[in-house]
Amino acid sequence: MESILYNFFAPPVPFFFLGIIAILAHSDLEIPEQISKFISLYLLMAIGFKGGVELHASGMNTQVALVLFFAILMAIVIPLYSFFILKRKLSPANAAALAASFGSVSAVTFITASNFFSTSIAKPGGEMVAAMALMESPAIIIGVWMYRKYKKVDMGTQSNRSHSDFKEIFKEAFLNGSVVVLLGSLVIGLISNEHGQEIMAPFIGAIFKGMLSFFLLDMGIVAGKRIKALREAGFFVIAFGILMPLVNATIGFLIAYLCNFSGPNMFMFMVLCASASYIAVPAAMRIAIPDANPGIYVPVALAITFPFNIIAGLPLYYYITELIHPEILIQAKDAVEAIVGH
Amino acid sequence: MESILYNFFAPPVPFFFLGIIAILAHSDLEIPEQISKFISLYLLMAIGFKGGVELHASGMNTQVALVLFFAILMAIVIPLYSFFILKRKLSPANAAALAASFGSVSAVTFITASNFFSTSIAKPGGEMVAAMALMESPAIIIGVWMYRKYKKVDMGTQSNRSHSDFKEIFKEAFLNGSVVVLLGSLVIGLISNEHGQEIMAPFIGAIFKGMLSFFLLDMGIVAGKRIKALREAGFFVIAFGILMPLVNATIGFLIAYLCNFSGPNMFMFMVLCASASYIAVPAAMRIAIPDANPGIYVPVALAITFPFNIIAGLPLYYYITELIHPEILIQAKDAVEAIVGH
Amino acid sequence: MESILYNFFAPPVPFFFLGIIAILAHSDLEIPEQISKFISLYLLMAIGFKGGVELHASGMNTQVALVLFFAILMAIVIPLYSFFILKRKLSPANAAALAASFGSVSAVTFITASNFFSTSIAKPGGEMVAAMALMESPAIIIGVWMYRKYKKVDMGTQSNRSHSDFKEIFKEAFLNGSVVVLLGSLVIGLISNEHGQEIMAPFIGAIFKGMLSFFLLDMGIVAGKRIKALREAGFFVIAFGILMPLVNATIGFLIAYLCNFSGPNMFMFMVLCASASYIAVPAAMRIAIPDANPGIYVPVALAITFPFNIIAGLPLYYYITELIHPEILIQAKDAVEAIVGH
Amino acid sequence: MENNIKKIEIITDYAYLRMLTKLLDDNEVSGYTIIKDVMGKGTRGNKDGHGISGGFKNCYVMVCCSEEEAKKVSDIIKPLLTRSGGMAIISDAHWVVHS
Amino acid sequence: MENNIKKIEIITDYAYLRMLTKLLDDNEVSGYTIIKDVMGKGTRGNKDGHGISGGFKNCYVMVCCSEEEAKKVSDIIKPLLTRSGGMAIISDAHWVVHS
Amino acid sequence: MENNIKKIEIITDYAYLRMLTKLLDDNEVSGYTIIKDVMGKGTRGNKDGHGISGGFKNCYVMVCCSEEEAKKVSDIIKPLLTRSGGMAIISDAHWVVHS
Ligand SMILES: Nc1ncnc2c1ncn2[C@@H]1O[C@H](COP(=O)(O)O)[C@@H](O)[C@H]1O
Ligand SMILES: Nc1ncnc2c1ncn2[C@@H]1O[C@H](COP(=O)(O)O)[C@@H](O)[C@H]1O
Ligand SMILES: Nc1ncnc2c1ncn2[C@@H]1O[C@H](COP(=O)(O)O)[C@@H](O)[C@H]1O
Ligand code: NA
Ligand code: NA
Ligand code: NA
C-alpha cells in the first residue's frame, strides 16, 4: 500500500489535479495547443523507442508472442461486448464510438503506470509497448463495423459510398499520426544499436517525467473543461466509464494469470485493457462515425475513465498484481532503498 | 566584483542582449508565441517545484514567517506609495496600472538572480519562492482600489457594475494562469516525497538554464520592440522605472537587515522588491483597468526596469549584500573552485 | 564502412525516413509549425554556442584563418558557377535562387554530420561552426546580383527601386533570424567563461540528439510533401541536386587537402560545400527574387540534396576523409570501445 | 440564393474573449466562430501579438445570424467593446449550408 | 469597381480539412485560403480548440470566385458539410488584385 | 445601419507581411487586423504552411475604412501584391462599433 501512495505524492500525478482544480476555479490557465501536440508526440516517441530497445533485448519468445496475441484479441473483443452493452441505452453511433474508445488504449495511462516501476528492478518488457501499439487501431475497425451493421437510417445514400469509406477508415485507424509515431519509434528502437540508445537516453529518459508532468497538467485542464459536458452524457454512460475498466482489467488479469505473465507485464496488461483512448480514437471517429457525439465519447474517456484509472485503478491493479507476484513490491522497495541509500 | 562579471559573460544573460540587438538591427527574428508561453510556464513550474521542495526541507520557522509577512507587506505598500508618486504626472488609470506592476514581481528577474548562487553552497531558501508567489497578486488589488478611488469620470455607469467587477478582478489577480502554476507547483513540491524530487530533477534542473536563455532571448526581442513605445511614455515614467527599483530595493534591504535575513535571502528579497511585473499584472490590468495604456506600463516594466535590474540592479544588490554578508561571496568562490577543480 | 552503418541504424537519421514514409503513406502526421521553429532555433543556438566555446579554446590560428577564408570563398564561387550551369535550362530567376541555395549551407546536414564524431576523440574545431555561419549569407547576395545582371524584363520599373531593394536584400541575407541566432550564440559561446559552459551543457548537450531526431522527423514530413512538387522541377534540376553536392564536395576536399585541414575539419568542410540551404535562402529569395519559383528551389534542396547527402553523401565524404586521415576512424572506434566498455 | 443573413465580425483584445463568449452564450446566440491569434493596429496602438506580456493580442469573433438576432448581438456587444476597445462590423451574406 | 465575385466561407470540423481541400482540388477550384486554428460554437457543441483529443477544433476555408464557380463550389461542398457539420456562407465582393 | 464602409482583405506571402504593414503605416492607414497563420492555394502553388522553409505560408490583412480611404489603400497595395503574389478583395460593410 505504501508504494502506491508513494506514487501519489510525487509528480507527475498531482499535476493532473492541479489542472482540474485550475479549471474548476475558473482560472484562465491554458497550455498552448501546439505544445500539447508536441509533448504528446514526444511521449509517444520516447515510449516507442524505449519499448523497441527493450524488445530488441528480450527478443521474440513465447511470453512476447502471448502478450501480443492477447493484446490484439482484447482490442477486438472489448469493443464488441462494450458495443452490445452500450447499444441498450445509446444510439448505434454513440455506442460504437464509445466501444471503440474502450477497445483502444490510453498511452498516457500506460506511461503513468510505468512510473510504478521507475525505481524498480522488475520492469515491464518492451513487448508491452508493442502490445499498446497493436491495440490502438483494431477497435476503430470493430467500432465502425458494428455501427454499419446496426444503424438503420439512410441505407440508400450510405451504401454507395461505403466502399470508398472503408479505405478512409483504415487510413484513419492505422495511419493516424500518433499510431505512426509510436510504431515507427518502436521499430527505430528495435533496429537501433547501442550507440543509438545512448544517444537518445537523456532525451527520452531524463526529461521524460517532467514532460509527462506538463502533459498531465494539460490533461487536467482539458478534463476539467470536459467535465461540464458529462451532464449531457448521463448516468448510464458515467457508470459505464467506471465499471468497464474494472471488467476489462479483470479479464486482462485472468489472461495474464493463465498465461503466466511476469508481474510487471500482468500489471501493464491490466492497465492496457482498462484504459480508454481519447486521442487516436476520437480523431478517427470524427471521420468514420460523424453522427457520434464527441461531447459524449471524449468526456467519458478523458474525464471519467482516465482519472478513475489514475486515482483508483492503477493502485488497485497494482495491489492485485502484488497478491500474485509479491516480488514486484519487494524489488521496488529494494530499488528505492538502493537509490535513497539506507 | 569578479563574481558579478562572472555572471555577465555567461548565459543566460547575454541572450537578452542578443534579442534586443536583433530587433534594433531590424532582424526578423521571432520566437513563436506558443513557445514563449510554454517556456514561461515551464520556468514557473520548475521554480515553484524547487521552492516547494526547499520549503519542505526547511520547514516553517521564524525566518520563513518573517520573509512571508514582509513580502506581502511590501506587495501592499509599494503600489500605494508608487501610485501617489505617479498620480502627480499620470492619469489615475495609468498610475494605478504602473503602481501595480512595481508592487508585483518579475519571475524572470528572480530566476536570473538565482543564478548568482548556482555554484554556491549558500542558497536562498524555498521561502523566497513562496514569497514571490504571494507577492504576485496583492498589488493588483491595491492598484484597482486606488484607481476606483481616484478616477473622477463616469461614476454613474461604473458604480452599478463595480460589484460584479470586483469578483472578476480577484479572479484575474489570484487565478491568473501564471500565479496558479507557480503556487500549484510550490504545493506539489511541498508535498512531494524524495521519489518525486528525483523524478523532476533533470527536467527542472539540467535544462533549466538553457530554457531560461531561450526565454531571455525572447524577452530581449519583446523589450526591443517595446523600446519604441517609450517615447510615448515620456521622461518622468522612464526615470520612475530606474529610480523606483532602487528605492524599493533599499527598503527591502532595510527590512532584511533588521530582520536578520540570511545573505542569499537578503539579496533575493531586494530583487523581489525591486522587480516589476510584465506578465501577470498587465494581463489583469487589461481587464481591471481598461483605460490604462499598456503602451506605457508594459514598456516601463519590460524595457526599462527589467534590463536595468539585470544590468545594474542585480550586481548592485549583490554587492550591498556582500558588505553585510561577506560569506556569500567566499562560499561562491569555494564552490566554483570545488567544481572547476583548483 | 562499419562506422558508417553505425550511424545509420541509430537515431536521429531513421526518424527522417519515418517522416517521409508517413507522408507517402498518407498519414496525417504533422509537427506543429511553431514547434519546428522552436527546435530549429534551439539547434542553431546549441551548435552556435558549442562552436563558440570550441573556438575560444582553440583561439585564432592559421588553420582557423584558412578554414574561414576558404569557407567564404566557396560561398561566393559555388553560386557563381552554379548559376551559369543552371541558366542553360532555367530562367535567370530560378537559376539564381537555386544557385544561392547551393552556395549557402544546411545547418541540419552539418549537425547530422557532427554525429559521426559524437563518440570520437577527434572532433571538428569550433571554426567549422564559424565557417557555417559565414557561409549562410554571401550566396544570397551573389544570387541576387546574378539575377539582376541577367534578367531582361522590366528594366524600367526595376531600376528605380533597385537601390532601396539592395538594402532590403542585405537585411534579408545578414539579419535573417537563423543567421542572427547562429552568429549571436557563437559570439556568446566565445565570450562565455567556464561557468557559462557548464550551465549550458545539459541543454545543448544531453537533449540535443533527441531534439535533432524530432526535427529530422519533421524534415522527413516536409520532404515527403515536397517530393510531389519535383515533377514540376524536371529531370535537369533533379540531376543537378544530386551531382552538384558531389562536385562541391570534391572542390572542398581539394582545398582541405591542400591546406592540410585536420580529418574532422576536412569532412565537415566537404559537408558544408555539398549542402544546400532550404531555410535561410528561401526566406531571403521570396523577397529578393519573387519571380523565382519556391516550388523548384525548395524541393531540390530539401527533398533531393538533403536526403542524398544524408544517405549517400555523408558516408562517402567520410570514407574519402578516412583514406587521407585514417586516424579519425581509429579514434572513433577507440572512443566507442572506451564508452561501451570492451 | 435565399436565406439572407447578417455577418457580424468583432475584433477586440484577447483578454476579453472569455467575457465576450460568455455574453454571447448568456444571450443564447446560436453559433459563433473564433480565431484566437489575431494581431493588428488601431487607436490603442500596435497589437503585435506577444502573448506573455498581455494586452498585445486580439481575438476575432464572427457571428452569422438573422437581421433581428444581429440587432440583439450588436446591442449586447457594444458596452463590452466600449470598455475593451476594438471594433465590430456587419455585412450581408447568405447561407450555403447551415444545420 | 468592376470584377464582381462571390466569396464563400466554410467553417467545419478540422478533421475534414483534408477531404475538403481534396474536393476543391479535384474539382479544379483555382484558389482558396485556409485558417487552421479556428474555434467556435454551433449545434454540435463547443469547439474549444484542444488539439489532442480531436473533434474540438474547426478550420476555415475561403474561396473567391465567379458566380458560376460559386454555384459549383456550393454543390460540391454541401454533401461533405452535411456529413461533417459546420456551415458555409456566401457574400459579394470585388477583386482589388488577382493574378 | 448608417456608417457605410469598405472592407479590404489581402492575402499574400507571409514574407511580405512586414513590408505590407510598413506600407500601411507609412500611408497612415488608421487601423488593420492581421492573421499570421494562413495557408492556401493559388496560381503560385500550394501554401501548406511549413514555416521553416519559407515561402509556403500566407498572411491575411484586413482593413476597414471609408470608400475614399479604400481607394488609397487599393492603390498602395497593388504594386506590392503584383510583386509578392496573392490577392485582395473589397466588399461592403457597416460599423457596429468603432472608436
Ligand atoms: N479600421 C480597422 N480595420 C481593421 N481592423 C481594425 C481597424 N481598427 C481597429 N482594428 C482592429 O481592432 C483592434 C483594436 O482596435 P483599437 O481598439 O482601435 O486599438 C486593432 O488592433 C485591430 O486589429
Ligand atoms: N451562426 C454561426 N455563426 C458563426 N459560426 C457558426 C455559426 N454556426 C456554426 N458556426 C461555426 O461552425 C462550427 C460547426 O457548427 P455546428 O456543426 O453547427 O456545430 C461551429 O463550431 C462554429 O465555429
Ligand atoms: N480565388 C481565391 N480564393 C481564395 N484565396 C485565394 C484565391 N486565389 C489565391 N488565394 C490566396 O492567395 C494566396 C496566394 O495566391 P497566388 O499568388 O495566386 O498563389 C493563395 O495561397 C491563397 O491563400
Ligand atoms: Na482498453
Ligand atoms: Na516589486
Ligand atoms: Na553549399
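Please read all numbers here as calculations on a predicted model, not as lab measurements.
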Point to revise | V96(F) side chain near E9(D) side chain, heavy-atom distance below 4.5 Å | key: no
Exercise for review: Go through the atoms of D37(D) and report whether side chain, backbone, both or neither lie under 4.5 Å from a heavy atom of chain F.
Suggested key: backbone
Check your understanding: What's the spacing between I5(F) CD1 and I89(D) CD1 if we round to 0.5 Å?
Key -> 5.0 Å
Practice item. Can you measure from SG (C64(F)) to CD1 (I11(D)) and round to the nearest 0.5 angstrom? Key: 6.5 Å
Practice item. Starting from the C-alpha separation in whole Å, work towards a yes-or-no answer on side chain to side chain contact (heavy atoms under 4.5 Å, CB included) for L24(F) and K41(D). Key: CA-CA 10 Å; L24(F) 296 175; K41(D) 195 176 139 173; over 6 Å; no
Review point. Under a 4.5 Å heavy-atom cut-off, does chain D meet the side chain of T33(F), its backbone, both or neither?
Key: both
**Study point:** Minimum-distance pair of heavy atoms, taken over all atoms of K78(D) and V97(F)
**Key:** CG-CG2, 3.5 Å
Exercise for review: Let me see the working for I35(D) and I35(F) under side chain to side chain contact (heavy atoms under 4.5 Å, CB included), right down to the final yes or no.
Suggested key: CA-CA 9 Å; I35(D) 302 177; I35(F) 301 178; 3.9 Å; yes
Exercise for review: Look at atom NZ of K72(F) and say whether more than 12 heavy atoms of other residues, nucleotides or ligands are closer to it than 6.0 Å.
Suggested key: yes
**Study point:** Pairwise distance CE(M87(D)) to CE(M62(F)) - rounded to 0.5 angstrom
**Key:** 3.5 Å
Exercise for review: Measure the spacing between OG of S91(F) and NZ of K7(D) and express it to the nearest 0.5 Å.
Suggested key: 7.0 Å
